[in-house]
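Report on the structure given below.
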Amino acid sequence: MSEPITQLIKVDQDNQTAFVNLYNLFHHDRAIYLPDMYPSVDNEGYYDKANTLATLVIDPEKAISYLIKHDDSFAGFVVFALPPIMSHHGCDYSIIDIFILNSHRGNGIGTTVCKQLFAQYAGKHQVEVVIHDQSARKFWERIIAKEGQPIKQEEKPEEHLVVYEFNIGG
C-alpha cells in the first residue's frame, strides 16, 4: 500500500467554489476566537467577511492560494503572500491562512504543506496567529523550531494576534 500524497493545487476558476466553501469553514473555526468579527452568516450560510476575503486572496497579484489535497480528497487550503505585498513588513513571504479540515488534523498534513512551501520559498517569513488559538500557536512554534530560525515573536493584543517572524534556508 502506498503512502498518502499531500498536494498543493493552485486555486483557479475551476476550483474556486471549493476554495470559497473551505474558506467559509475556516472562518467558522475562527469565530470562536473572534465572535465580534463573525457575528452571523448571510442568507446563504456564508460569513460575509469570508466571502469578501476569499475574493481578495484569490487575486494572484496579492497572494497565491492553494487547495490542499490529501489522498485525492480536499483536506484544506493555504494562502501564501509573496513580494511585493509583504515588503512593507520587512518580510519576503507570509502564510496568511492555513486550514486543515478537522477530519484531516493530526496527520502531519500542515507540516507537510509548510515543508513544501518552504522548499520553494526560502527567505524571511511572517505568520500572524489569533492570540487565543493555542493549537495554532503550538503548531507554528513547533514548525518554526524544526524548519526555521526564529527572529521575533510579538503579541499584539489590540489586534488579537501573535506575529512570528522567522528565516527559512539561506
- Query: Would you call E147-R142 a salt bridge at under 4.0 Å N-O?
  - Reply: no
- Task: Carefully, step by step, assess K69 and T6 under the rule side-chain contact (heavy atoms from CB on, under 4.5 Å).
- Result: CA-CA 6 Å; K69 275 200 161 179; T6 301; over 6 Å; no
- Message: Just by distance, no angles: are the side chains of N15 and T17 close enough, under 3.5 Å, to form a donor-acceptor pair?
- Response: no
- Task: Evaluate side chain to side chain donor-acceptor pair (under 3.5 Å) for S73 paired with D71, printing each intermediate quantity in order.
- Result: CA-CA 6 Å; S73 66; D71 249 3; over 6 Å; no
- Message: Pair S65, K10 - check side-chain contact (heavy atoms from CB on, under 4.5 Å), show working.
- Response: CA-CA 6 Å; S65 300; K10 279 190 183 176; over 6 Å; no
- Item | Beyond-backbone contact of Q7 with D72, side-chain heavy atoms, under 4.5 angstrom | yes
- Closest heavy-atom pair, A75 versus H70, reported as atoms and distance to 0.1 Å, is CB-CB, 3.9 Å
- Item | Same apolar cluster (I L V M F W Y, side chains within < 4.5 Å links), L25/Y23 | yes
- Note on the structure: Interatomic distance, CD1@I168 vs CZ@F118, rounded to 0.5 Å, equals 4.0 Å
- Item | Intermediate values then yes/no, side-chain contact (heavy atoms from CB on, under 4.5 Å), T111 and K146 | CA-CA 10 Å; T111 300; K146 286 174 99 175; 5.5 Å; no
- Say you draw a straight line from CD of Q16 to CG of L67; how long is it, rounded to the nearest 0.5 Å? 10.5 Å
- Message: Quick one, V162 and E154 - any side-chain contact, counting heavy atoms below 4.5 Å?
- Response: no
- Can you check whether H104 and F74 have ring centres sitting under 6.0 Å from each other? no
- Drop me the distance from Q116's CD to L8's CG, to the nearest 0.5 angstrom. 4.5 Å
- Query: Is I9 linked to F26 within one hydrophobic cluster, defined over Ile, Leu, Val, Met, Phe, Trp and Tyr using a side-chain heavy-atom separation of less than 4.5 Å?
  - Reply: no
- Message: Are L161 and I95 linked, directly or through intermediate hydrophobic residues, by side-chain heavy-atom contacts shorter than 4.5 Å (ILVMFWY only)?
- Response: no
- Item | Ring centroid separation F77 to Y66 under 6.0 Å | no
- Using the ring of each side chain (for Trp, its six-membered ring), is W140 parallel, tilted or perpendicular to F166, with breaks at 30° and 60°? tilted
- Which residues share a salt bridge (Lys or Arg N to Asp or Glu O under 4.0 Å) with E141, sequence neighbours left out: none
- Query: Looking at CD1 of I5 and OG1 of T112, how far apart are the two atoms once the value is rounded to the nearest 0.5 Å?
  - Reply: 11.5 Å
- Message: Could you report the tightest heavy-atom contact between Q126 and S94, atom names first, then the distance?
- Response: O-OG, 2.8 Å
- Message: Nearest 0.5 Å, please: how far is CG in D12 from CG in D14?
- Response: 5.0 Å
- C114 to I98 - nearest heavy-atom pair and separation: SG-CD1, 4.3 Å
- Could you tell me which non-hydrogen atom of I68 sits nearest to which non-hydrogen atom of F99, and how far apart they are? CD1-O, 4.1 Å
- Query: Would a hydrophobic clustering, with Ile, Leu, Val, Met, Phe, Trp and Tyr connected at side-chain separations under 4.5 Å, put V79 with L101?
  - Reply: yes
- Intermediate values then yes/no, side-chain contact (heavy atoms from CB on, under 4.5 Å), L34 and H160: CA-CA 8 Å; L34 304 166; H160 309 286; 3.7 Å; yes
- Item | Of all pairs that satisfy salt bridge (Lys or Arg N to Asp or Glu O under 4.0 Å), the ones with a partner from residues 21-35, not counting sequence neighbours | D29-R105, R30-D97
- Nearest heavy-atom approach of G169 to A122 is CA-CB, 4.4 Å
- Item | Check: D92 side chain, K124 main-chain N or O, donor-acceptor pair, under 3.5 Å | yes
- With sequence neighbours left out, the residues meeting ring pair (Phe, Tyr, Trp, His ring centres under 6.0 Å) with Y121 are F80, Y93
- Which value, rounded to the nearest 0.5 Å, describes the distance between R137 atom CZ and H132 atom NE2? 9.0 Å
- Note on the structure: When every non-hydrogen atom of G76 is compared with those of L22, the smallest separation belongs to O-CD1, 3.7 Å
